[in-house]
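To start, the structure under review is shown below, and the notes come after it.
Everything numeric here is computed off the predicted structure, so don't read it as measured data. Lettering follows sequence order; numbering is per chain, from 1.
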Amino acid sequence: MRHFLAILCLVIAGAGWPVQAQDRGADGAEVLTTWHRLVLELVRHTPTYSPPVASRAFGYVGVTAWELVAGLSGGRSLSGQLNGLDMPPPAAQLDIDPVLAMHGAMAASVQYFFGNTGPTGQRAMQAMTDKTAARLAAELPPEVAARSLAHGAAVAAHIIEWSQGDGGALVENMGFPMEYLPKSGPEFWVPTSTIVQQQAPLLPAWGKNRPFAMPMGNACPLPPPPAYSEEAGSAFRTEAQEVYDTSRSLTDEQKLIARFWSDDPMLSPTPPGHWVSILLDEMERADWPVDRRARALARLGKAGADAFIGCWHTKFEYDLVRPVTYIRRVIDPGWQPILITPPFPEYPSGHSTQSGAAAGILTALFGENHSFDDATHEADGLPVRHFTSFAAAAEEAAISRLYGGIHFRAAIDRGLAQGACIATHANRLETLE
Amino acid sequence: MRLLLALTVIATPALADEPAVPRFAAETEAAGLAHSFTGDWEFMVGGGVAAFDCSGDGLPDLAFTGGTSYSTLWRNDSAKGGALRFTRVQSGIEGAGAAGIWPLDFDDDGITDLAILRVGENLLMRGLGDCRFERANEALGFDGGDGWSTAFAATWEPGQSLPTLAIGNYIDRTQDAFPWGSCTDNWLHRPAGAGYAPRLPLTPSFCALSLLFTDWNASGRPALRVSNDREYYKGGQEQLWHLEPGKPPRLYTEAEGWQRLRIWGMGIASRDLDADGYPEFFLTSMADNKLQKLQPPGEGPVLPRYADIAFSLGAHAQRPYTGGDVRPSTAWHVQFEDVNNDTRADLFIAKGNVSAMPDFAMDDPNNLLLQRADGSFAEAGDKAGVASMQPARGGAVVDLNGDGWLDIVAVNRNVPSEIWRNLGTDAPGNWIAIAPEQPAPNRHAVNGWVELRTEAGLQRREITLGGCHASGQMVPHHFGLGAADRAEVRVIWPDGHAGDWQTLDAGRIWTLPKQGVAAAATP
């Protein structure tokens with residue numbers, strides 16, 4: 001509801017807004033934020049948007065925003081810094097309204113990256129596009145308005161063209177292969193659900209995609225997980241026993257933490273969206289100007305996308321069995337974790353890698369001990385949670401997967417480390433001239 | 001190394017003992033039936049048909065909702081055992097804005113009435129006979145509201161002369177640009193005296209698309225099952241409400257055993273498939289559908305804990321099985337009926353894309369899942385001839401021409417509805433149909449049970465009023481008998497009284513009064 005109200009205000013407010021571009025910086029920030037709020041909903045309501053696919057969209061939409069801002073305000077383009085982005089964005093012409101150009105860029109970008117959302121999402125995107133454009137253009141000369149929208153759309157088209165060669169542009173069957181040949185052996189992943197699509201793992205080739213900022217998918221490798229064993233006292237069995245024992249003595253707080261960070265696809269903005277939601281709130285609270293917001297969204301978006309590429313690369317390198325499979329086989333046939341086990345290999349934990357990367361980005365942007373409230377799931381009836389730092393939030397997100405019974409300890413600890421490594425690549429990029 | 005194929009075939013159990021496939025003939029045009037449910041966003045759900053006899057000839061007539069088009073009523077002029085024939089008649093239900101329609105006898109006068117759910121004011125229409133209806137909202141003090149109403153169920157609470165009505169509401173339609181999280185309250189209309197009390201909100205509500213009062217735990221006290229569309233709710237899940245006389249409804253909780261399930265809930269069907277005394281529930285959704293079986297109760301109260309057995313029984317109906325479109329399906333109306341009269345309940349599922357959902361199949365055939373002797377299901381929609389690729393919503397599986405073979409109606413969105421005549425199988429396929437009848441109130445014994453025994457075993461079905469998707473039937477309860485030429489039948493009445501077993505001949509419709517012996521009522 002909070003997000004909805006923000007969007008509603010943007011859509012229906014309007015008359016009397018200043019028309020001079022230099023006076024409209026706040027409007028640009030609002031346009032950027034509001035489109036990202038809509039993206040959080042579209043991620044939730046577009047079935048193809050599993051966490052890896054969502055992270056990719058956040059990456060490209062964020063880079064689009066930054067390239068628009070950089071082109072108009074003299075910031076440093078990411079062209080030449082991001083893998084494969086060698087073309088400079090379209091040059092800005094005179095008499096471009098930056099707010100309307102931002103709207104044009106966001107509208108074109110979001111409509112492209114969420115082109116396969118359903119009828120309600122299509123209506124929402126169109127309503128946002130039309131009503132916002134009408135309001136922002138109301139007091140501009142028509143040719144300026146048209147030129148501004150066209151410039152934004154051209155920047156988006158530039159990024160869209162670049163995106164098409166990354167290996168992740170075409171996602172069929174919601175990311176599940178029609179055929180899959182699993183490895184033979186008790187240590188390897190097997191399906192954990194009775195859903196037909198999930199008899200094959202999600203996006204097994206995602207780790208081969210072109211990353212944004214890190215040089216390749218295995219730029220932040222991990223050591224192997226503990227060697228598979230069913231022997232009592234072995235490292236692997238001990239980790240499984242920890243998951244099992246924890247699940248049988250969960251406190252209400254631990255259950256809440258598991259659900260708070262569950263971030264299920266199609267029922268939430270997913271893990272990368274959760275961190276985008278945190279960033280949007282913190283930028284709003286700090287009243288950042290549009291250029292700073294665009295830089296931050298681009299950086300978090302890139303890191304989030306790279307986190308899923310790096311994590312998926314490792315997942316399918318080791319192809320490790322899930323706790324639910326192992327525990328039912330070795331410890332307790334009737335065991336039931338409180339979270340639904342995701343349909344792909346265990347090691348490392350995707351949310352841990354993602355959260356480690358996000359914490360690395362947000363800490364660089366806001367500082368080491370930046371406390372904040374996370375209201376991402378308020379509309380879903382989950383309480384606001386307070387954190388004393390982004391690192392603390394990432395650690396809680398990571399351990400939530402153990403509480404939920406879907407990850408072993410090694411996947412959690414090493415996932416966080418992998419994410420921190422991935423964040424360094426995105427933080428290294430230059431955005432200031 | 002094992003090859004896992006993400007195809008429906010992986011979940012298909014043993015192919016031995018394949019059931020006999022009935023042959024269906026498409027007779028929509030030949031029957032003279034021409035009705036379309038039309039509309040844009042506000043009619044992306046809904047599209048229903050009510051099957052009931054309003055003309056008094058014993059054959060079910062059909063009333064369709066029209067969305068932006070008018071609702072229509074079609075008198076069944078089919079010859080017994082012959083080709084289907086329908087004639088449109090003026091009935092008083094004509095009007096736009098209707099999404100769902102259910103037959104019921106709310107005044108217990110023996111003339112079927114209708115509940116029409118609309119985008120706008122809901123209507124209770126009193127049956128006048130001869131397929132004529134009049135508005136009864138004011139006479140009953142029924143507040144039809146002004147919502148986007150999509151789901152309906154009714155039951156008779158003890159001591160009440162009128163049924164308790166549950167109405168499921170969908171999105172706040174004023175929030176068309178940003179509807180997520182805007183689910184509006186469902187309503188419970190309880191009787192008060194000769195009419196209805198002000199409606200109670202069933203808060204929280206999560207965009208219900210199907211409701212069903214069901215005696216899920218064989219307690220004799222029906223509860224309200226709600227299937228919700230996760231596309232629009234926030235913090236929602238499937239629901240089960242306690243309904244205790246004189247008390248406000250309250251949700252079953254996790255502490256009471258309720259398990260959180262979040263699906264694109266669109267339709268509910270129930271049947272006690274394994275005759276263990278508890279109904280199984282089929283929940284339609286997008287992609288995988290759910291077939292829920294109650295976990296074996298232990299000591300103490302029966303807990304609402306269900307296992308999803310759709311995958312293991314080959315009933316998930318996850319994607320098209322013919323036509324080449326491999327994207328996941330979108331399922332709506334669902335109904336258990338024995339379409340090949342082999343003594344086992346089969347499953348019809350109406351399929352169709354919501355509206356240009358690119359992640360889901362556009363060529364999405366209806367399913368006809370025939371139950372095998374081992375309880376698993378075999379897809380036969382294409383072989384039977386009902387694998388229409390039209391975007392279906394509501395439906396009905398009823399005997400339209402009185403020959404004992406159940407025919408099929410599908411309501412399609414923005415294209416004509418369809419009907420198919422069941423021409424039967426080559427296997428033995430006797431049948432019987434039972435119409436329980438008790439003194440008012442609740443003349444038709446809603447939430448009682450019909451039980452039937454033959455050498456093939458026990459069949460059980462709860463008499464429910466609601467569920468499906470936007471559609472309902474009020475017809476005698478059909479059972480296939482296979483080769484049996486008679487069956488033992490009894491009714492467990494809503495008050496828990498079990499009637500005597502009576503041996504009845506096959507091939508007839510029987511009225512079973514609460515007191516007295518059965519009477520044949522074959523048209």
Handout entry: Chi angles and distances behind the side-chain contact (heavy atoms from CB on, under 4.5 Å) call for B:R230, A:R44
Key = CA-CA 10 Å; B:R230 78 184 201 185; A:R44 179 175 181 148; over 6 Å; no

Exercise for the section: With rounding to the nearest 0.5 Å, note down the distance linking CG in B:N289 to CD1 in A:I195. Expected result: 11.0 Å

Problem - Non-hydrogen side-chain atoms of A:N173 and B:P328 separated by less than 4.5 Å - result: yes

Problem - Side chain, backbone, both or neither of A:M125 within contact of chain B (heavy atoms, under 4.5 Å) - result: neither

Exercise for the section: Tell me, for B:Q237 versus chain A, whether the close heavy atoms (under 4.5 Å) come from the side chain, the backbone, both or neither. Expected result: neither

Problem - Side-chain ion pair, B:E42 and A:R123, N-O less than 4.0 Å - result: no

Practice task
Answer yes or no: does atom CD of B:E256 have more than 12 heavy-atom neighbours from other residues, nucleotides or ligands under 6.0 Å?
Solution key: yes

Problem - Side chain / backbone / both / neither for B:M286 at chain A, heavy atoms under 4.5 Å - result: neither

Practice task
Can you spot which of B:Y233, B:W180, B:W264 makes a ring-ring contact (aromatic ring centres under 6.0 Å, His included) with A:H45?
Solution key: B:W180

Problem - Distance (rounded to the nearest 0.5 Å) between A:Q198 CD and B:F311 CZ - result: 10.5 Å

Problem - From B:Q318 atom CD to A:T194 atom OG1, the distance as rounded to the nearest 0.5 Å - result: 11.5 Å

Practice task
Without swapping roles, check the side chain of B:D359 against the backbone of A:T48 for a donor-acceptor pair under 3.5 Å.
Solution key: yes

Handout entry: side chain to side chain contact (heavy atoms under 4.5 Å, CB included) against A:P383, all qualifying residues, sequence neighbours excluded
Key = A:L256

Handout entry: Interface moiety of B:D40 toward chain A, non-hydrogen atoms closer than 4.5 Å
Key = side chain

Handout entry: Residue pair A:N116 / B:M357, side-chain heavy-atom distance below 4.5 Å
Key = no

Practice task
Using a strict cut-off of less than 4.0 Å between a Lys/Arg side-chain nitrogen and an Asp/Glu carboxylate oxygen, indicate whether B:K234 and A:E41 qualify as a salt bridge.
Solution key: yes

Handout entry: Closest contact, heavy atoms only, A:G115 versus B:P358
Key = O-CG, 4.3 Å

Practice task
Take A:D264 and B:R262 through the side-chain contact (heavy atoms from CB on, under 4.5 Å) test and state the conclusion after the steps.
Solution key: CA-CA 11 Å; A:D264 299 320; B:R262 296 170 293 179; 2.9 Å; yes

Exercise for the section: Taking heavy atoms only and a threshold strictly under 4.5 Å, list by residue number the residues of residues 334-346 of chain A that touch chain B; give 'none' if the list is empty. Expected result: none

Completion exercise
Most heavy-atom pairs under 4.5 Å with chain B, out of A:G381, A:A124, A:S268, belong to A:A124

